[in-house]
Amino acid sequence: MPELPEVETIRRDLAPRLEGRRIRAVHIDKPDILLGTDGPEDFKQRIAGARIRRVGRRAKWLLFILDRGVLITQLRMTGRFAVGRGPVPPIEEFRHVAAEFILDDGNTLFYDDVRRLGGFLVLSHAEWESEERRFGPEPLAAGFRARDLAAAIRRGRLPVKNALMDQSRLAGIGNIYASEALYGARIDPTRPAEGLTDEEIRRLHRSLRRILRSSLNRSGTTFSNYRAVNGRSGSFQDLLRVYAKEDVACRRCGTPIRRIVQSGRSTFFCPGCQG
DNA sequence: CTTGTACCCTGACCGC
DNA sequence: TGCGGTCAGGGTACAA
């Protein structure tokens with residue numbers, strides 16, 4: 001569930017607590033969260049003793065830039081972080097702690113993941129540079145214009161909703177913000193991406209950036225699983241217009257919001273005004 | 001190259 | 001009250 005605004009919120013929470021810290025030791029409680037091929041011993045050896053230079057983000061991935069490589073986290077559906085004085089996590093909801101990173105200031109970074117779909121990966125700086133190129137542009141980057149959105153998504157016959165969520169075309173958009181952005185731009189999510197007009201691309205560009213910024217200002221959407229650091233909630237769910245609102249009257253035209261399935265994912269839209 | 005589908009995982013929820 | 005089935009979706013692997 002964490003998409004760009006949620007991961008960026010977590011990054012902002014973690015950065016002041018982690019930047020400059022050294023990782024003294026690592027405990028892996030659930031080894032299947034190690035997404036690389038090598039096991040826990042190799043993982044520990046690669047990061048124990050490393051200093052965290054910076055906490056970054058690319059698409060939906062959280063990055064711990066170390067002095068000797070990059071520790072990458074993919075939260076996927078249910079990954080969460082908390083920071084506190086160990087050995088017990090500071091909040092009770094952490095009942096599925098999968099990894100603990102003990103820092104040199106006495107704090108511990110706890111990673112909790114009920115479903116264990118998320119996890120960690122360590123790459124060298126060079127490997128990360130190469131990996132990073134697989135992602136499309138960041139939609140909130142200062143220079144990201146409507147023409148950049150057109151270049152990113154306006155090709156192929158696949159539905160525009162799927163194009164928005166394709167991380168190699170555009171970075172950071174998932175199921176919630178794809179539906180919300182298309183509603184804001186009044187575009188039918190099933191339309192082939194290559195068929196969007198310049199005017200529709202401009203509306204979508206404006207809608208997408210406005211919604212992402214607005215969500216960021218509210219620390220993201222708290223919907224069942226997502227929490228920022230130490231259990232903190234976001235509030236963008238109060239501003240959702242279509243996501244998870246099947247049968248609710250559209251605020252623009254009163255038509256009931258519909259749910260359809262595209263590539264196995266729920267899409268919510270208004271059949272009345274998204275034409 | 002593009003596009004689609006199965007899979008991973010567990011808790012919440014629903015109908016009986 | 002219990003029980004089985006279904007769903008949630010980010011990312012990857014793999015097939016067509």
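Each chain gets a letter, A, B and so on, in the order its sequence line appears, and its residues count up from 1.
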May I ask you to verify if any side-chain N or O of A:Trp61 is less than 4.0 angstrom from the OP1 or OP2 atom of C:dG10?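 Result: no.
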For C:dT12, does either OP1 or OP2 sit under 4.0 Å from a side-chain N or O belonging to A:Arg76?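 So the side chain of A:Arg76 is outside the cut-off, no N or O lying under 4.0 Å from OP1 or OP2 of C:dT12.
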At 4.0 Å (heavy atoms only), tell me whether [X] reaches a base, stays on the sugar-phosphate, or touches nothing.
X        : result
A:Ser266 : sugar-phosphate
A:Tyr243 : sugar-phosphate
A:Arg95  : nothing

Find the distance [X]:[atom1] to [N]:[atom2] and express it as a whole number of Å.
X        : N      : atom1 : atom2 : answer
A:Leu62  : C:dG11 : CG    : C1'   : 16 Å
A:Arg116 : C:dA8  : CZ    : P     : 21 Å
A:Arg265 : C:dG10 : CZ    : P     : 6 Å
A:Gln167 : C:dG9  : CD    : C1'   : 12 Å
A:Lys60  : C:dG10 : NZ    : P     : 4 Å
A:Asp166 : B:dC1  : CG    : C1'   : 13 Å
A:Gln262 : C:dG9  : CD    : C1'   : 14 Å
A:Asp113 : C:dG11 : CG    : C1'   : 13 Å

Over 60° means perpendicular and under 30° means parallel, so tell me whether A:Trp61 and A:Trp128 are parallel, tilted or perpendicular.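 Plane angle between 30° and 60°, so tilted.
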Give the ring-plane orientation class for A:Tyr111 versus A:Phe120, where under 30° counts as parallel, over 60° as perpendicular and anything between as tilted.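 If you compare the ring of A:Tyr111 with that of A:Phe120, the planes turn out perpendicular.
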Give the nucleotide from the list [options] with an atom nearest to the side chain of [X].
X        : options               : answer
A:Leu158 : C:dT12, C:dG9, B:dG4  : B:dG4
A:Glu3   : C:dG10, B:dT10, C:dA8 : C:dG10
A:His96  : C:dG9, B:dT3, B:dG11  : B:dG11
A:Arg157 : B:dT3, C:dG11, B:dT10 : B:dT3
A:Met77  : B:dT2, B:dT3, C:dG9   : C:dG9

For the ring pair A:Phe101 and A:His27, is the centre-to-centre distance below 6.0 Å?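 No, ring centres 6.0 Å or more apart.
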For A:Leu4 and A:Tyr177: C-alpha separation, side-chain torsions, deciding distance, then whether side chain to side chain contact (heavy atoms under 4.5 Å, CB included) applies. CA-CA 9 Å; A:Leu4 189 159; A:Tyr177 298 102; over 6 Å; no
Are A:Gln262 and A:Pro159 side-chain neighbours, meaning at least one heavy-atom pair lies under 4.5 Å?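 They are in contact (side-chain heavy atoms under 4.5 Å apart), so the answer is yes.
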When you match A:Leu117 and A:Glu131 each to their closest nucleotide on DNA chain C, which lands nearer the 5' end?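 Mapping each residue to its closest nucleotide by heavy atoms, the 5'-most match is A:Leu117.
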